[in-house]
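Notes follow once the structure below has been shown.
So you know, we letter chains A, B, ... as the sequences are listed, proteins then strands, and number each from 1.
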Amino acid sequence: MPGSPSRGASIHLHLLMSTQTPNNTTIDPAAILDARFKDAIHAAVPDLPIEQIKALITPSRQPKFGDFQSNCAMPIAKRFQMAPRELAAKIIEHLDVASIAEPLTQTNIAGPGFINVTLLPQAISDALSAMDNDQLGITPPDAPPTVVVDVCGVNLAKQMHVGHLRSTVIGDAIARLYERMGYTVIRQSHVGDWGLPIAMVVEQLITVEDQGTDLSTLTLADLNALYKKVQAACKAETKALELITKIGGHAKAEIELEERIADANAALEKAKARLISLQSGDERSVRVWQLIYDITMSACLSTCKRLHANITDEHSAGESTYRDELGPLVEDLIDRKIAEEDDGALVIRCDGIKEPTIIRKRDGGFLYATTDLAAIKRRVGKLGGDIVVYVVDSRQSLHFKQVFAAAHKAGYDKKTDGQEAVLFHAMFGTVLGEDNKPLKSRSGENLNLTDLLDEAVSRAGTTVAEKNPNMSESDRAPIAEAVAMAAVKYADLSTERIKDYVMNFDRMLAFEGDTGPYLLYALVRVQAIFRKATKQGIDTSNYHSAPFKLVEPSEKALALMLLRYPALIENAGKACEPNRLCSFAYDLASAYGLFYDRCPVLKCDDEALRNSRFRLCDLVGRVLGDALETLGIPTVERM
RNA sequence: GCCCCGAUAGCUCAGCUGGAUAGAGCAGCGGACUUCUAAUCCGCAGGUCGAAGGUUCGAAUCCUUCUCGGGGUGCCA
């Protein structure tokens, strides 16, 4: 599809049509208003086809305009050459919102034709009561689609760095959002565990083992150092040689370079030979490879666990697991004339994409596009994915555009029932250094993920100790850990994922303002009220069924905020944008902050009002807790 | 060359299908703790939404051109 939007908002449209059934039992005032306005518009403008009617209901920006507004009158008036305010009046005449909103009159029409609606307090209370259940008002679809989420994607013999943080944290959050919506979610970590770079490391390890080194004590840090070393050793500096030869004169330098290049080429040849022995199942090669795999995955999965990311061994589907599928897959593509030979290589050409997708090199080797095609085939055909989301660096955008198109051409995006899966690259921005340049792993010192997390915990520990001088060290440690993870993860999740990301310790580990710790703190304050109540002997057994009484503006604002939760989860999930949920969580916490300041709970003399506030606090705590859980951010009971 | 992405307050960022006076946080200034946890709350100040055109009742948002920055671009992953 030429000119298709690269932003993900509309990716699931066809899916929505097929799986989403309108919920008639909704209590969400915004949804009710939407339905009622559509009816009224239809009555007022019968010529407008029903499927084109949009009620355009949005929360009002300012309290003086009421709680919600409909912006429907202006575009319709434009289309039918009517006066918008007159049309608005006509819509109001046909509008039946008596059960949930204050009666609408001419004074509700403002500006060019906005229709302002103020909800009845009872309607807000009823809606809150209705959402006060285990699901917090979120209803799963009747036939839940299956979503495969490509996350994490670590490489063997390499420590996780900040780029993996993004894929892991954002990917896990997207998976959690889908799970929260009731979809079936399958996480897949496409581990880079195959190919020449790994063979280089295997070759090197076998060499040092022959020299007497005990491999059983190796750590991931050792492997990482080794990886860099062999990468450098195999890199032939042919360009430098050309340059020196061109300038001429430096005979000695020229000879040195030639020697180095010869060494590099020799190392490369040995690595290639090792790759072949590895691929053919040579016992020793495989044993060393397995050792590298185990060391890497053990370290990375424990980092995932520490990050509170639900990525485990069962989610790992390394490139090596596709090795036996690549040959047959390529044969299939040749047989069906989807792939063609070009200059010795095998390529797939797709309409609208200039660059062909190379799936087999001239020397017969396969490439990462080949593996990714096999992955799509497995994820759609075998795992039954209706949606496959790739949470990968934006620099891979052309690659995925090619692979998706190639998969489509080959029909690998068709499920067994013939339905086409939605393939979506949920790209995220490059991690930049303080100098605004991409952090390259080559130049990278001190930016591996474990160091970052340790630093975060250390800083959090200092703050926790300051705030809780009387708390024991053993009590402080888990709090510091949770606060640190909340800070790091929220910093990563709260910005628009497509934008480049400037790596900044102070910002990432800040504990004040719009941060993860702020959200934890808000939750702690909710919970503290109930603890204190018990301590003071205040009865909290009756609030669960207490009617909501929304007296103060701040508690009404808090209530309206809560009601937005179910729709927000759905929108954030379908767009694969966890940052929207972050915004919501922050807004909710802020609304609670104001409520907390303005509305005493324990000291409230009116028992009915006190119970209402208890119930409101309880609901805030559960929604905020649910939002944090959906983001994958750990919580604490005190801090 | 071609393709993709970005540009909003001093700094870091929000801004959902075009809506009313563009919002937060940090930094700055001024207030609020014998009070449900002050990791908090309130107020002040801070803007030519990169530039110029266009579309219309209405544009940070859509279209065109341009500037700057980043990335990618046939045999690495």
ask   = Considering only the C1' atoms, how many Å lie between B:A60 and B:G19, rounded to the nearest integer?
value = 13 Å

ask   = Quick one: does A:Asn116 reach the base of B:A20 with a side-chain donor-acceptor pair under 3.5 Å?
value = yes

request  = Would you mind classifying the nucleic acid contact of A:Ala110 as base, sugar-phosphate or nothing, using non-hydrogen atoms under 4.0 angstrom?
outcome  = base

query = Centres of the A:Tyr543 and A:Phe530 rings: under 6.0 Å?
reply = yes

key: Separation of A:Arg360 CZ from A:Leu333 CG (nearest 0.5 Å)   = 10.5 Å

Pairing partner (Watson-Crick or G-U wobble, both distances under 3.5 angstrom) of B:U73 = B:G1

query = Salt bridge check: are A:Asp506 and A:Arg459 linked by an N-O gap of less than 4.0 Å?
reply = yes

request  = Please check if the distance between the ring centroids of A:Phe404 and A:Tyr390 is under 6.0 Å.
outcome  = yes

query = Using the C1' atom in both, what is the distance from B:U17 to B:C62, to the nearest Å?
reply = 12 Å

request  = Please work out if A:Pro197 contacts a base, only the sugar-phosphate, or nothing of the nucleic acid, heavy-atom cut-off 4.0 Å.
outcome  = nothing

inquiry  = According to a cutoff of under 5.5 Å between the ring centres and under 30° between the ring planes, does A:Phe114 stack with the base of B:G19?
reply    = no

inquiry  = Work out how far the C1' atom of B:G18 is from that of B:A32, and round it to whole angstrom.
reply    = 41 Å

inquiry  = When the C1' atoms of B:C49 and B:A9 are compared, how many Å lie between them, rounded to an integer?
reply    = 10 Å

message = Could you tell me how far B:C26 sits from B:A39 if I compare only their P atoms? Round to whole Å.
response = 13 Å

ask   = So, A:Arg580 side chain and A:Gly573 main chain: donor-acceptor pair closer than 3.5 Å or not?
value = no

task = Would you mind reading off the distance between A:Met508 atom CE and B:C11 atom P, rounded to a whole angstrom?
result = 21 Å

ask   = Is any side-chain nitrogen or oxygen of A:Lys64 closer than 4.0 Å to OP1 or OP2 of B:U21?
value = no

key: is_close_aromatic(A:Tyr518, A:Tyr521), centroid dist under 6.0 Å   = no

key: Sugar-phosphate only, base, or nothing, as touched by A:Asn71 at under 4.0 Å among non-hydrogen atoms   = base

task = Let me know the distance between CD of A:Glu340 and P of B:G74, rounded to the nearest Å.
result = 17 Å

remark   = Of the listed B:G74, B:C4, B:A20, the closest approach to the A:Arg349 side chain comes from B:G74

message = Whole angstroms only, please: what is the CZ-P distance between A:Arg395 and B:G70?
response = 13 Å

task = For the pair A:Arg564 and A:Asp587, find out whether any cationic side-chain nitrogen is under 4.0 Å from an anionic carboxylate oxygen.
result = no

inquiry  = Looking at A:Lys499, I'd like to know whether one of its side-chain N or O atoms comes within less than 4.0 Å of OP1 or OP2 on B:A14.
reply    = yes

query = So do A:Asp393 and A:Phe428 actually touch side chain to side chain, heavy atoms under 4.5 Å?
reply = yes

key: Atom-to-atom span, CG of A:Leu509 to C1' of B:C26 - whole angstrom   = 15 Å

query = Which nucleotide sits closest to the side chain of A:Lys78: B:A14, B:G58, B:C16?
reply = B:G58

query = What does A:Phe366 touch in the nucleic acid at a heavy-atom separation under 4.0 angstrom: a base, only the sugar-phosphate, or nothing?
reply = sugar-phosphate

inquiry  = Checking A:Val151 now: which residues fulfil side-chain contact (heavy atoms from CB on, under 4.5 Å) with it, not counting sequence neighbours?
reply    = A:Val149, A:Arg187, A:Ile311

task = With the side chain of A:Asp342 defined as its heavy atoms from C-beta on, choose the nearest nucleotide among B:G19, B:G74, B:A77.
result = B:G74

query = On a whole-Å scale, what distance lies between the P atoms belonging to B:G53 and B:U61?
reply = 14 Å

remark   = Using Watson-Crick geometry (N1-N3 plus N6-O4 or O6-N4) or G-U wobble (N1-O2, O6-N3), each under 3.5 Å, B:U55 is paired with none

remark   = If pairing means Watson-Crick or G-U wobble with both distances under 3.5 Å, then the partner of B:C68 is B:G6

query = Is the phosphate of B:C75, meaning OP1 or OP2, less than 4.0 Å from a side-chain N or O of A:Arg362?
reply = no

message = Under 3.5 Å for both donor-acceptor distances, Watson-Crick or wobble: does B:G46 have a partner, and if so which one?
response = none

request  = For B:U40, give its Watson-Crick or G-U wobble partner with both distances under 3.5 Å, or none.
outcome  = B:A32

Pairwise C1' distance for B:A20 and B:C57, with rounding to whole Å = 13 Å

note = Closest of B:C75, B:A77, B:U12 to the A:Ala345 side chain is B:C75

inquiry  = Any base atoms under 4.0 Å from A:Pro84, or only sugar-phosphate, or nothing? Heavy atoms, all strands.
reply    = nothing

message = Taking the minimum atom-to-atom distance to the side chain of A:Tyr368, which one of B:A20, B:A77, B:G74 wins?
response = B:A77

task = Quick one: look up who B:C16 pairs with, Watson-Crick or G-U, both distances under 3.5 Å, and put none if it's unpaired.
result = none

ask   = Rounded to the Å, how far apart are A:Leu275 CG and B:A77 C1'?
value = 13 Å

query = Can you tell me the Watson-Crick or wobble partner of B:C11, both distances under 3.5 angstrom?
reply = B:G25

query = Ignoring hydrogens and angles, does a donor from either the side chain of A:Asp506 or the base of B:C26 sit under 3.5 Å from an acceptor on the other?
reply = no

key: Base B:A20 to side chain A:Gln69, donor-acceptor N/O within 3.5 Å cut-off   = yes

inquiry  = Need the pair for B:A60. Rule: Watson-Crick or G-U wobble, both distances under 3.5 Å, any strand; none if unpaired.
reply    = none

Pairing residues for A:Asp343 by the side-chain hydrogen bond (donor to acceptor under 3.5 Å, both in side chains) criterion, not counting sequence neighbours = none

inquiry  = Assuming nearest nucleotide by heavy-atom distance, tell me which of A:Lys54 and A:Gly195 is located more 5' along RNA chain B.
reply    = A:Lys54

remark   = Reading nucleotides 36-44 of chain B from 5' to 3' and marking B where a protein heavy atom lies under 4.0 Å of the base, S where only the sugar-phosphate is that close, and - otherwise, the string is BBSBSSS--

request  = Looking only at side-chain atoms of A:Gln62, point me to the closest of B:A20, B:A77, B:G18.
outcome  = B:A20

request  = Rounded to the nearest angstrom, tell me the gap between atom CD in A:Glu496 and atom C1' in B:G6.
outcome  = 10 Å

ask   = Start at the 5' end of RNA chain B and walk down; is the nucleotide closest to A:Asp514 or to A:Glu341 reached first?
value = A:Asp514

query = To the nearest Å, how far apart are A:Ile348 CD1 and B:C75 C1'?
reply = 14 Å

query = Between A:Tyr322 and A:His190, does the ring centroid distance fall short of 6.0 Å?
reply = yes

task = In whole angstrom, give me the gap between the P atoms of B:A27 and B:C66.
result = 42 Å

query = Tell me: CZ of A:Phe400 to C1' of B:C3, nearest whole Å?
reply = 18 Å

task = Give me the ring orientation class for A:Trp194 and A:Trp289: parallel if the planes are under 30° apart, tilted from 30 to 60°, perpendicular past 60°.
result = perpendicular

